[in-house]
Amino acid sequence: MADPKGFLTTPRRDRPRRPVEERVRDWDEVYVPGALLPIVSKQADRCMDCGVPFCHEACPLGNLIPEWNDLVSREDWRAAAERLHATNNFPEFTGRLCPAPCEAGCVLAINQPAVTIKDVECAIADRAWAEGFAAPAPPDRLSGRTVAVIGSGPAGLAAAQQLTRAGHTVAVYERDDRLGGLMRYGIPEFKMEKRHLERRIEQMRAEGTTFRTSTTVGCDVDAAELRARHDAVVIATGATAWRELAVPGRELTGVHQAMEYLPLANRVCAGDLETSPLSAAGRDVVIVGGGDTGADCLGTAVREGAASVTQLDIYERPGTVRDEDTEPWPTYPKLYRLSPAHEEARALRTAPAAAENSDARLFAASTLRLTGDADGRVRAVHLVEVDAERRPVPGTERVLPAGLVLLALGFSGPDRADGLVSGLGLELEPRGTIARDTGFATNVPGVFAAGDAARGQSLIVWAIAEGRAVAAAVDRHLTDGTTRLPAPIGPYDRPMRT
């Protein structure tokens with residue numbers, strides 16, 4: 001702890017965002033370039049000598065947060081990068097995409113604004129790349145064992161990097177034409193520019209990991225044959241089976257899943273398309289679903305030039321302060337948060353049906369039906385207000401104009417249409433995820449499962465933790481039953497809850 005009184009003398013200061021009017025005209029990240037480094041050392045000074053750092057417990061990776069906060073406050077960036085990378089393969093991803101449960105568990109957050117842990121993490125990661133502290137780390141020798149990793153999202157990439165560094169020969173199979181999973185085609189460019197992803201993949205290539213894109217295991221490659229060719233297989237395909245909206249009118253033209261819409265916008269940014277065939281330009285857009293994916297759709301629609309955008313959240317609007325009775329510290333509370341996309345929507349007044357100061361969200365709103373025109377194209381969303389038990393409130397029905405309806409209702413498990421699950425004969429949990437034991441192993445010998453495919457839809461920080469943990473399990477399986485790889489979580493660990 002460099003400044004024992006830092007948390008008393010220095011107020012919290014978050015990374016500044018670019019003006020709304022400027023950033024909605026491009027796809028660059030929303031933050032002011034270079035504005036983090038001048039403030040981050042003083043922010044790291046706010047980390048207390050708290051004795052028991054609950055931020056460790058709140059973070060599934062077990063990040064050594066007080067250690068690298070102290071090092072950043074002293075501007076020892078090399079040591080800070082070493083401590084950060086000791087527990088996290090991809091801190092530039094989590095520093096941009098993770099909702100920071102570590103900050104909810106910060107001891108300072110009991111009665112003050114938490115330390116800006118996420119900003120400090122992002123600053124360390126970016127400085128590490130700028131100063132050359134993130135050099136490839138190939139193994140000293142090879143084990144002679146081969147591993148196939150199916151899926152190149154955060155769980156798959158973390159598992160692949162750990163296993164490669166342990167000396168195993170690893171091939172990553174990805175069904176899309178580019179690597180990264182949801183980070184590539186689900187996360188908009190304004191949340192994380194893809195150069196960060198490309199840079200990390202090149203590091204992995206230099207370490208010896210090989211990648212095979214446009215390859216769907218179960219279709220292009222027989223799943224059983226792939227298993228026979230390798231000493232172990234890790235399934236990290238994510239939870240790509242999206243949930244549906246079972247209401248009249250779902251079949252109308254102009255109603256699409258979020259993961260049909262977002263990849264096309266990312267392909268425009270990548271230069272594959274001039275314009276998206278599902279562009280929101282000039283349309284009244286209604287997003288059904290109040291989570292992060294819905295917010296990603298919101299920010300994307302604003303940048304595409306939508307006539308209006310409204311986001312429906314079935315839950316009541318949460319409060320702005322923690323309810324100590326229902327969500328006591330250090331659990332992650334459900335609070336009213338203003339993401340960059342919602343900030344943009346409020347400043348631009350994108351939702352004509354909401355209040356003047358609205359951030360585009362309508363809370364406690366449930367979709368009743370969709371109606372269209374004579375050509376079968378969606379024209380309106382009929383909704384009703386619901387109470388805390390999701391029961392309709394009489395007399396609250398309303399109609400929103402809609403030329404594009406996006407469904408952001410989450411995911412239930414891995415896609416079963418590609419033949420991977422059936423080809424290997426994998427057992428599934430009742431909720432549709434891949435069943436596994438306490439060692440991440442499936443019912444098929446030598447086949448392991450990690451990430452959202454087995455855990456269910458979760459956060460990027462949990463995906464990376466799963467990837468690191470399954471790598472330790474695979475390494476133990478391939479050797480004499482021991483491993484030096486860290487296993488930060490078990491397959492049944494869950495976030496802290498009341």
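Distance alone, capped at 3.5 Å, places no donor-acceptor pair between the T10 side chain and the F7 backbone. A donor-acceptor pair is defined here as one N or O able to donate and one able to accept, closer than 3.5 Å; no such pair exists between the side chain of Q162 and the backbone of A159. A donor-acceptor pair is defined here as one N or O able to donate and one able to accept, closer than 3.5 Å; no such pair exists between the side chain of R431 and the backbone of S412. Side-chain N or O atoms of D437 include one that pairs as donor or acceptor with a backbone N or O of F440 at under 3.5 Å. Looking only at distances, no side-chain donor or acceptor of E344 sits under 3.5 Å from a matching main-chain atom of S339. With hydrogens and angles disregarded, no donor-acceptor distance shorter than 3.5 Å links the side chain of R12 to the backbone of R46. Between the D387 side chain and the R391 main chain, a donor and an acceptor come within less than 3.5 Å of each other. Looking only at distances, no side-chain donor or acceptor of Q311 sits under 3.5 Å from a matching main-chain atom of V288. A donor-acceptor distance shorter than 3.5 angstrom exists from the side chain of T350 to the backbone of V309, with no hydrogens or angles considered. For the pair T164 (side chain) and G208 (backbone), a donor-acceptor distance under 3.5 Å is absent.
One finds the CE atom of M259 at 13.5 Å from the CG atom of L407 (value rounded to the nearest 0.5 Å). A distance of 9.5 Å separates CG in L362 from CG in D313, rounded to the nearest 0.5 Å. The distance from atom OG1 of T9 to atom CG of D45, rounded to the nearest 0.5 Å, is 7.5 Å. Atoms OG1 and CZ, from T482 and R476 in turn, are 8.5 Å apart once rounded to the nearest 0.5 Å. Atom CD1 of I187 sits about 8.5 Å away from atom CE of M183, to the nearest 0.5 Å. Taking CG of L478 as the start and OG1 of T483 as the end, the distance is 9.5 Å to the nearest 0.5 Å.
Heavy-atom neighbours of R13 CZ from other residues, nucleotides or ligands within 6.0 Å: at or below the threshold of 12. Other residues, nucleotides and ligands place no more than 12 heavy atoms under 6.0 Å from the CD atom of E57. The environment of D292 atom CG is sparse: at most 12 non-hydrogen atoms of other residues, nucleotides or ligands sit within 6.0 angstrom.
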Under the criterion side chain to side chain donor-acceptor pair (under 3.5 Å), I'd like the reasoning laid out for R468 against N89: C-alpha separation, chi angles, the key distance, then a yes or no. CA-CA 8 Å; R468 290 172 67 84; N89 297 71; 2.7 Å; yes
Stepwise salt bridge (charged side-chain N to carboxylate O under 4.0 Å, His left out) test for D76 and R74: CA-CA 6 Å; D76 188 345; R74 302 174 190 274; over 6 Å; no
Begin with the C-alpha distance, continue with both residues' side-chain angles, and end with the deciding distance and a verdict on salt bridge (charged side-chain N to carboxylate O under 4.0 Å, His left out) for R165 and E207. CA-CA 7 Å; R165 289 176 172 180; E207 292 172 347; 2.7 Å; yes
Kindly indicate, with the supporting measurements, whether the criterion salt bridge (charged side-chain N to carboxylate O under 4.0 Å, His left out) is fulfilled by D415 and R175. CA-CA 12 Å; D415 187 359; R175 65 181 181 179; 3.8 Å; yes
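In this structure, R141 has no salt bridge (charged side-chain N to carboxylate O under 4.0 Å, His left out) partners at least two apart in sequence or on a different chain. For E202, the salt bridge (charged side-chain N to carboxylate O under 4.0 Å, His left out) test picks out R205, with sequence neighbours left out.
Annotation: side chain of V386 is not in contact with side chain of V393 (no heavy-atom distance under 4.5 Å). Between C55 and I117, some side-chain heavy-atom pair lies under the 4.5 Å cut-off. Considering only heavy atoms from C-beta on, T433 stays 4.5 Å or farther from L428 through its side chain. Looking at P340 and R23, their side chains come closer than 4.5 Å, going by heavy atoms from C-beta outward. Between S73 and D70 the shortest side-chain heavy-atom distance falls below 4.5 Å. Under the 4.5 Å side-chain criterion, counting only non-hydrogen atoms from C-beta, E193 is not in contact with R96. Here the side chains of D14 and T116 are in contact, with some heavy-atom distance below 4.5 Å. Within the 4.5 Å cutoff, side-chain heavy atoms of W77 are placed close to those of F133.
Salt-bridge annotation for E67 and R83: present, with a side-chain N of the basic residue lying under 4.0 Å from a carboxylate O of the acidic one. Ion pairing of E316 with R390 is absent here, as no side-chain N (NZ or NE/NH1/NH2) approaches a carboxylate O to less than 4.0 Å. At a threshold of 4.0 Å, the pair E29-R18 does not count as salt-bridged, since none of the basic side-chain nitrogens sits closer than that to a carboxylate oxygen. Comment: E92 engages R200 in a salt bridge, judged by a side-chain N to carboxylate O separation of less than 4.0 angstrom. R184 has a carboxylate O that lies under 4.0 Å from a charged side-chain N of E198, or vice versa, which qualifies the two as a salt bridge. No salt bridge links E75 with R127; every basic N to acidic carboxylate O contact stays at or beyond 4.0 Å. Taking the charged nitrogens against the carboxylate oxygens, E429 and R436 have no contact shorter than 4.0 Å, which rules out a salt bridge.
For residues 84-110, every residue pair satisfying the ring-ring contact (aromatic ring centres under 6.0 Å, His included) rule, not counting sequence neighbours, is listed here: F90-F93. Note on residues 447-458: pairs passing side-chain hydrogen bond (donor to acceptor under 3.5 Å, both in side chains), not counting sequence neighbours, are R455-E466. Listed by first then second residue, pairs satisfying ring-ring contact (aromatic ring centres under 6.0 Å, His included) with a partner in residues 54-73 read F54-W329, not counting sequence neighbours.
In this model, no donor atom of one side chain and acceptor atom of the other lie less than 3.5 Å apart for T442 and E427. Inspection of the N69 and Q43 side chains reveals no N or O donor paired with an N or O acceptor under 3.5 Å.
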Throw together a table of side-chain donor-acceptor distances under 3.5 angstrom for residues 167-174, partners on residues two or more places apart or in other chains.
| residue | atom | partner | partner atom | Å |
| --- | --- | --- | --- | --- |
| H168 | ND1 | S143 | OG | 2.6 |
| H168 | NE2 | D475 | OD1 | 2.7 |
| Y173 | OH | R212 | NH1 | 2.7 |
| E174 | OE1 | S152 | N | 3.1 |
| E174 | OE1 | S152 | OG | 2.6 |
| E174 | OE2 | D176 | N | 2.9 |

